Every structure is written in structure tokens, then in C-alpha cells.
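Below is one structure, written out as C-alpha cells; the observations come after it.
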2 protein chains.
Amino acid sequence: MTVTDGRSFIEEGAPAHDFFVVTGGRVKLFTLLPDGRRQITGFAEGGDFLGLAASTSYAFGAEALGGATLCRFPHAGMQRLTERFPSLEHRLREEASRELALMQARMTLLGRKTARERVATFLIERCSALHGSDVSQPVELDLPMPRTDIADYLGLTIETVSRILSAFKKEKFISIRSITHITLLMPERISMIAEGME
Amino acid sequence: MTVTDGRSFIEEGAPAHDFFVVTGGRVKLFTLLPDGRRQITGFAEGGDFLGLAASTSYAFGAEALGGATLCRFPHAGMQRLTERFPSLEHRLREEASRELALMQARMTLLGRKTARERVATFLIERCSALHGSDVSQPVELDLPMPRTDIADYLGLTIETVSRILSAFKKEKFISIRSITHITLLMPERISMIAEGME
DNA sequence: TACCAGACTTGATTCAGGTCAAGGTGATGG
DNA sequence: CCATCACCTTGACCTGAATCAAGTCTGGTA
């Protein structure tokens, strides 16, 4: 199943019949308020599961971020599979647990961190998604999502995200080679900021 | 296993050996930043599972809220149990999924809602935890947690929570019979505010 | 090479919620 | 019956991030 850029393939609140696995590209998950305010609750990429949080209806919407491919599994079929392979059930629970732990960290970010700390956390998060969490030397990052998405992910406005990236650049913590391509010059400093220790 | 009021029984970051079920009383889960800022990521009560989000170390701390009783299950024992009763694994996943959906809603609250909307959401949440989500007539609520905890749960300060409750009272949406005892006089109005539709 | 549209940046101003600082309240014990 | 302490409320003021408003950059097109 292929989804083109910006195409929505899960509608928040729609009855949940399927379960997805991202096989290629990237996807963003979000919830909306009636007046259009949006919270991006996560990004998913190759190998990630989608729809674990689904009961009878989806608790989130999902949209491709620059083209993505997915595998769709109807719930009924999944149930047959888990009955046949009980270890799959275990795997799914592990996946859900990992996601839960991530979300707790993100709740702390949204509830208690300053804008500067949020952006720093985001950079470090991207960084350890790609490479390990080695924070001792410069790292090149690719930010495949537009600033709007970063803002909606961090609970900020696009202007604030932009301003803080500029500030980090002026402070020589990062260099911005192009809109999507950023180098962390001092990852350990950014990591400190992310944890609220400046 | 009994835990007295305010007693901490899970240390954030400690190696996770156990899994808990709350059998009585209430418990709060939280994460801390190095400088003491706190985000309460959830409240748990009778029947709730704790530690689903645990991998090798706990992603959160936990503390009793006015005395609680718990059942402790070592991970190893759990594993033996799930091997014996595969349906338990399924049950755990369901629990984790439910929790995931709740957390997505909470991320939207923390990232995108105003203080007024957050407090309204909190009241409605408490309300539907006790009774159904019938929002048509006055409901009596018991808030067993101090204002500090409500504030840390909503990503606000205690002063803001207090001010907004007072405002709701002046607007005749609620009446405050005592610190812990609140009546929603117009639940449907509060519900509207919670969703950002005023 | 110049033009255009969409995305990003930057600046000026505003405001929601935080901070700081007094009070109030009510449960407990002397 | 009053003192004390912990928790809550209220007020005055401040500030970080939002909002409003121009620019600027980039990549695609002719």
C-alpha cells in the first residue's frame, strides 16, 4: 500500500478496522481539536507499528510525510495470526510498552520544558534515532519534516521553532546547511539544554 | 503490599524488576527533570496496571496518594504466567493500548490546550472515571489529590489551577463544597470548554 | 536568467500564564 | 478554645512564547 506525500490514510475517530506497519518512508500521527489546533503525537518510519492505540476507533489521524509505503492488516486477520503465533502477541506488547515509555518522556516535554529545551530535545531525539546516543562529536541530521510539523510536535509555533534554531546557530551549537540538513556541532551542549541543565 | 500516603515505591530510572497492580487506594506516576520540575503522567487506582511502560528500567516514579495497596509481580514470574496463559498477554496488550490512547489525548492537552481547557478537561475526565460520560446533569466529584498534583498533571502552576477553579465557580459552572469536593453544575458547558469550543 | 509560490526567518507587539508576595481556611493538638 | 501548620486563594507584576506583519530564501518553470 503506497501513500503519496501529505495524503491522509487514517482518519481520527473513524472506526478502526486495520492495523498498519510502515515499510518505507515516513508517516506522522496527530490529533486535532475542533478549531484546527493540531498535536503531532509521533513520527513513524520503516518498521514501526501503527494502530496499537486503536480500540474500536482510531485515537489519531495519520498522514504520509513525503511518500510512504505500508502494510495493512485487518484486525480479524491479526487475531487469527496471534492465535497461531502467541509470540506475536508478546512482540506487540513490547512495542506498545516502548511507545508508552516514549510518550511519558514526551508528556514531560510538553508539560514542563521551555521552548529551548523542547527544540534541543527534538534534535537529540532525531540524532539518537539515526545513530546511537553517542553525543561526543558532531552529527549530521536530516529533518525530513517541515517546520510546521516540528512545531506541532513540540507544542510550539513555527516562529518559535525557527527563532530557536537561529539562536542555536548563532551560539555555534549547530550549523544549518539547508532547511532539512542540520549539523550538531556541540551535541553534548544541546543534550544538556534538552535535560534542562544549562 | 501496602504503601502509606506520599510514600514512593518506584524510583524513576531504577532497574525494573517488577510489575504492579493497584488493588486499593490511589497512586500517582510522574517523571522529574533534574531541577525538580515534575510532570505527573497519570493517576492509577484499583484495578490499574503499573509498569507496562517498563523495559529494563522504570520510565517513571510512583508514589501513593493517600495510602494504597498493590500486588507486586516479579517480571520472571509474569513471564511464566503468560507462557501458561497466553490470553493474559493479550489482556496486557489491551491494557497498554488503552493507556496509549489516553496518552495521546493527554499530549494534545499538554501541547495545545489553554489553561482553562486543561482544567475543564481534568474535571470531565474525573467525572467520566466515576460515572459514565453522561454529561446532562449535575455531578458530584471527589478530587483526592492536592492542587499541586493537579497542576503537575496539567502542566500548570498551582496558582493557575486555583484561579481557574475560582473562575468556574464565579461563572456558576461548578460549586466548591470543600477543597476535595466539587459539584459540576453545568457538566455540558465544562465539556464544551474542554474541547475548545466556547 | 528572471519570475513565482511556498516555506522559512526576523522583527515588533501582545497576552496568557508564571512568579512573587500576602492573606485565608480548616484540621489537629495542646 | 486557641495556636499551628499545611494547603489553598487572591492580587500585582513580569516574562516567555504567541500573534501579527514584513521580509527573504529556495527550487521549479519558462
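Reminder, nothing fancy here: chain letters follow the sequence lines and each chain counts from 1. Because the structure is a prediction, the values reported are computed rather than measured.
Nearest-nucleotide mapping onto DNA chain C: of B:Thr157 and A:Pro146, the residue sitting toward the 5' end is A:Pro146. Each of B:Thr148 and A:Thr160 was assigned the nucleotide of DNA chain D with the nearest heavy atom; the assignment lying further toward the 5' end belongs to B:Thr148.
In this entry the distance linking CZ of B:Arg37 with P of C:dG18 reads 13 Å, nearest Å. Rounded to whole Å, the distance from CD1 on B:Ile150 to P on D:dT9 is 9 Å. Following rounding to the nearest Å, B:Lys170 (NZ) and D:dT10 (C1') show an atom-to-atom distance of 10 Å. Separating the CD1 atom of B:Ile164 from the P atom of C:dG18 is a distance of 8 Å, rounded to the nearest angstrom. Here the C1' atom of nucleotide D:dC7 and the CZ atom of B:Arg147 are 9 Å apart, to the nearest Å. Look at CZ on B:Arg118: it is 8 Å from P on C:dG18, rounded to the nearest Å. Rounded to a whole Å, the CZ atom of A:Arg177 is 18 Å from the C1' atom of D:dC25. Taking atom CE on A:Met145 and atom C1' on C:dA7, their separation rounds to 16 Å, with Å as the unit.
The nearest pair of heavy atoms linking A:Ala64 to A:Val3 is CB-CG1, 3.7 Å.
Note on A:Leu156: only backbone sugar-phosphate atoms sit closer than 4.0 angstrom, heavy atoms only; bases stay farther off. Note on B:Ser178: nothing from the nucleic acid sits closer than 4.0 angstrom, heavy atoms only.
Phosphate proximity of C:dT10 to A:Ser166: present, with a side-chain N or O under 4.0 Å from OP1 or OP2. Side-chain nitrogen and oxygen atoms of B:Ser162 include none within less than 4.0 Å of the OP1 or OP2 phosphate oxygen of D:dC8.
Using bins of under 30°, 30° to 60° and over 60° for the plane-to-plane angle, the ring pair B:Tyr153/B:Phe43 lands in the tilted bin. The aromatic rings of B:Phe20 and B:Tyr58 sit tilted, their planes meeting at an angle between 30° and 60°.
The side chain of B:Glu159 lies closest to D:dT10 when the candidates are D:dT10, C:dC8, D:dC8.
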Requested in this report: Apply side chain to side chain contact (heavy atoms under 4.5 Å, CB included) to the pair B:Met107 and A:Ile40, showing each step before the final yes or no.
Outcome: CA-CA 9 Å; B:Met107 284 176 66; A:Ile40 292 189; over 6 Å; no

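Side-chain atoms of B:Arg38 do not come within 3.5 Å of backbone N or O of B:Leu32 as any donor-acceptor pair.
Contact annotation: side chain of A:Arg163 to base of C:dG11, donor-acceptor pair present below 3.5 Å.
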